[in-house]
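One structure is given here, and the rest of the page talks about it.
Note that this is a predicted model, so its numbers are computed, not measured. Numbers here simply count residues along the sequence, with the first being 1.
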Amino acid sequence: MKHQTSRTIFEYWDKLRGSRLAPERADIDPNAIRAILAETFIIEIDDVAGHPFRLAGTAICGLFGRELKGAAMVGLFAPRQRDAVRDLFTRAAGDSCAFVLGVEAETGRGRSAPGEVIFLPLRNGRFPARRALGTLALLERPDWVGAEPAAFLVPGTTRYLEPSSYRRLTRQPEPPGLRAAPKQPSPGLGARRFFVIEGGRR
């Protein structure tokens, strides 16, 4: 995780989670993360609807120049990668796995800024998780932000995270469009998993 916002939300989620696969939606207290609420989102895990926003912070809406509540999160990504991103979110929710996704926010005129999305499953008394908490944070703030809206996010490397209470889960084959990169050992926790969504720019 490159951004402090990502680390903050992950640490909060992991503390709430304890020994469970994921915390409950009702466990989330907005006051506990008020310093990063502007970059925070909650999405519903709905593959058909493209994982719509239930909450989208003001910095995320400002980046795209519009209100995002109810909009499909998958729709923020470059068209060529949307199916792979949709499958990634669905699979991660099904396994209650957290991940961090590198992204590039791009405008219609080709301006860009690097950022990252963190995805943290939330349960509501059921398995698999039906909602997810996360943040979208830019690693730098270029001068076009606020003056020109981002048109889409170009996804990059995806890394599943290993919290302090991580448990290995049974895996299914990776969804189409994701390529497994070489695994790297992580003492005491098993192998980390890296994925790259192919396609680059449009």
Side-chain angles (χ1 to χ4, degrees), residues 1 3 5-30 32-34 36-61 63-64 67-77 81-103 115-137 153 155-167 169 171-172 174-175 177-178 193 195 197:
M1 287 174 279
H3 201 286
T5 294
S6 303
R7 293 190 287 270
T8 297
I9 197 71
F10 176 75
E11 289 166 4
Y12 175 69
W13 175 86
D14 190 31
K15 182 178 179 181
L16 289 179
R17 173 182 188 269
S19 61
R20 299 174 293 176
L21 289 172
E24 298 286 326
R25 168 66 183 89
D27 294 338
I28 304 300
D29 177 7
I33 52 174
R34 59 184 178 275
I36 58 169
L37 276 179
E39 297 167 308
T40 298
F41 63 80
I42 293 177
I43 59 171
E44 182 176 353
I45 304 304
D46 184 337
D47 189 76
V48 174
H51 309 307
F53 286 99
R54 293 303 175 201
L55 177 149
T58 56
I60 303 174
C61 294
L63 176 62
F64 287 89
E67 174 58 54
L68 292 172
K69 184 176 181 180
M73 185 169 188
V74 169
L76 300 186
F77 288 84
Q81 287 92 29
R82 286 176 187 168
D83 286 346
V85 171
R86 179 187 291 107
D87 290 346
L88 171 65
F89 282 27
T90 302
R91 281 286 319 286
D95 284 349
S96 286
C97 284
F99 67 80
V100 62
L101 171 65
V103 296
E116 63 184 9
V117 172
I118 188 168
F119 175 99
L120 306 166
L122 298 174
R123 297 179 66 183
N124 187 22
R126 296 184 297 169
F127 180 81
R130 299 309 306 159
R131 293 199 177 182
L133 172 72
T135 57
L136 166 57
L153 300 174
T157 302
T158 306
R159 181 167 66 89
Y160 283 96
L161 302 173
E162 297 175 345
S164 58
S165 51
Y166 181 82
R167 297 180 238 178
L169 301 172
R171 301 292 182 186
Q172 302 294 325
E174 297 307 322
L178 297 180
R193 296 160 56 81
F195 302 99
I197 299 177

For a 4.5 angstrom cut-off between non-hydrogen side-chain atoms, does Asn124 reach Arg130? no
Whether the side chain of Arg7 engages the backbone of Met1 through a donor-acceptor N/O pair (distance < 3.5 Å, no angle test) should be reported. yes
Could you give the distance from CD1 (Ile60) to CZ (Phe41), rounded to the nearest 0.5 Å? 6.5 Å
Test side-chain contact (heavy atoms from CB on, under 4.5 Å) on Leu101 and Leu153; report intermediate values, then the result. CA-CA 11 Å; Leu101 171 65; Leu153 300 174; over 6 Å; no
Check the pair Asp27 / Tyr12 against side-chain contact (heavy atoms from CB on, under 4.5 Å), numbers first and verdict last. CA-CA 11 Å; Asp27 294 338; Tyr12 175 69; over 6 Å; no
side-chain contact (heavy atoms from CB on, under 4.5 Å) partners for Ala56, two or more places apart: Phe53, Cys61, Leu68
Rounded to the nearest 0.5 Å, what's the gap from CD1 on Ile118 to OG1 on Thr5? Could you check? 10.0 Å
Would the distance check show the side chain of Glu67 and the main-chain N or O of Lys69 forming a donor-acceptor pair, the cut-off being under 3.5 Å? yes
Taking the side chain as everything from C-beta on, heavy atoms only, tell me whether Asp14 gets closer than 4.5 Å to Arg17. yes
Salt bridge (Lys or Arg N to Asp or Glu O under 4.0 Å) pairs touching residues 44-53, sequence neighbours excluded, are Glu44-Arg54
Nearest heavy-atom neighbours spanning Pro121 and Cys97: CG-O, 3.4 Å
ring-ring contact (aromatic ring centres under 6.0 Å, His included) partners of Phe77, counting only residues at least two apart: none
Does the side-chain contact (heavy atoms from CB on, under 4.5 Å) test come out yes or no for Trp13 and Leu122, once each step is laid out? CA-CA 9 Å; Trp13 175 86; Leu122 298 174; 4.2 Å; yes
Spacing of CG belonging to Leu120 relative to CD1 belonging to Ile28, to within rounding of 0.5 Å: 8.5 Å
Ignoring hydrogens, what is the shortest heavy-atom contact between Leu37 and Pro30? Give both atom names and the distance. CD1-O, 3.8 Å
Take Arg131 and Ile43, measure what side-chain contact (heavy atoms from CB on, under 4.5 Å) needs, and give me the verdict at the end. CA-CA 6 Å; Arg131 293 199 177 182; Ile43 59 171; over 6 Å; no
Hey, does the side chain of Glu116 reach the backbone of Val100 with a donor-acceptor pair shorter than 3.5 angstrom? no
With sequence neighbours left out, write down each residue that passes side chain to side chain donor-acceptor pair (under 3.5 Å) with Thr40, or none if nothing qualifies. none
Nearest 0.5 Å, what's the CG-OG1 distance between Leu88 and Thr158? 5.0 Å
Donor-acceptor contact below 3.5 Å, side chain His3 vs main chain Gly115: no
I need the Ile42 CD1 to Met73 CE distance, nearest 0.5 Å. 12.0 Å
Just so I know, are the side chains of Val103 and Leu136 near enough to count as touching, which here means a heavy-atom distance under 4.5 Å? yes
One thing to verify: whether Asp95 and Arg91 come together as a salt bridge, which I'm taking to mean a side-chain N less than 4.0 angstrom from a carboxylate O. yes
Set of residues satisfying side-chain contact (heavy atoms from CB on, under 4.5 Å) with respect to Ala92, sequence neighbours excluded: Phe99, Phe119, Tyr160
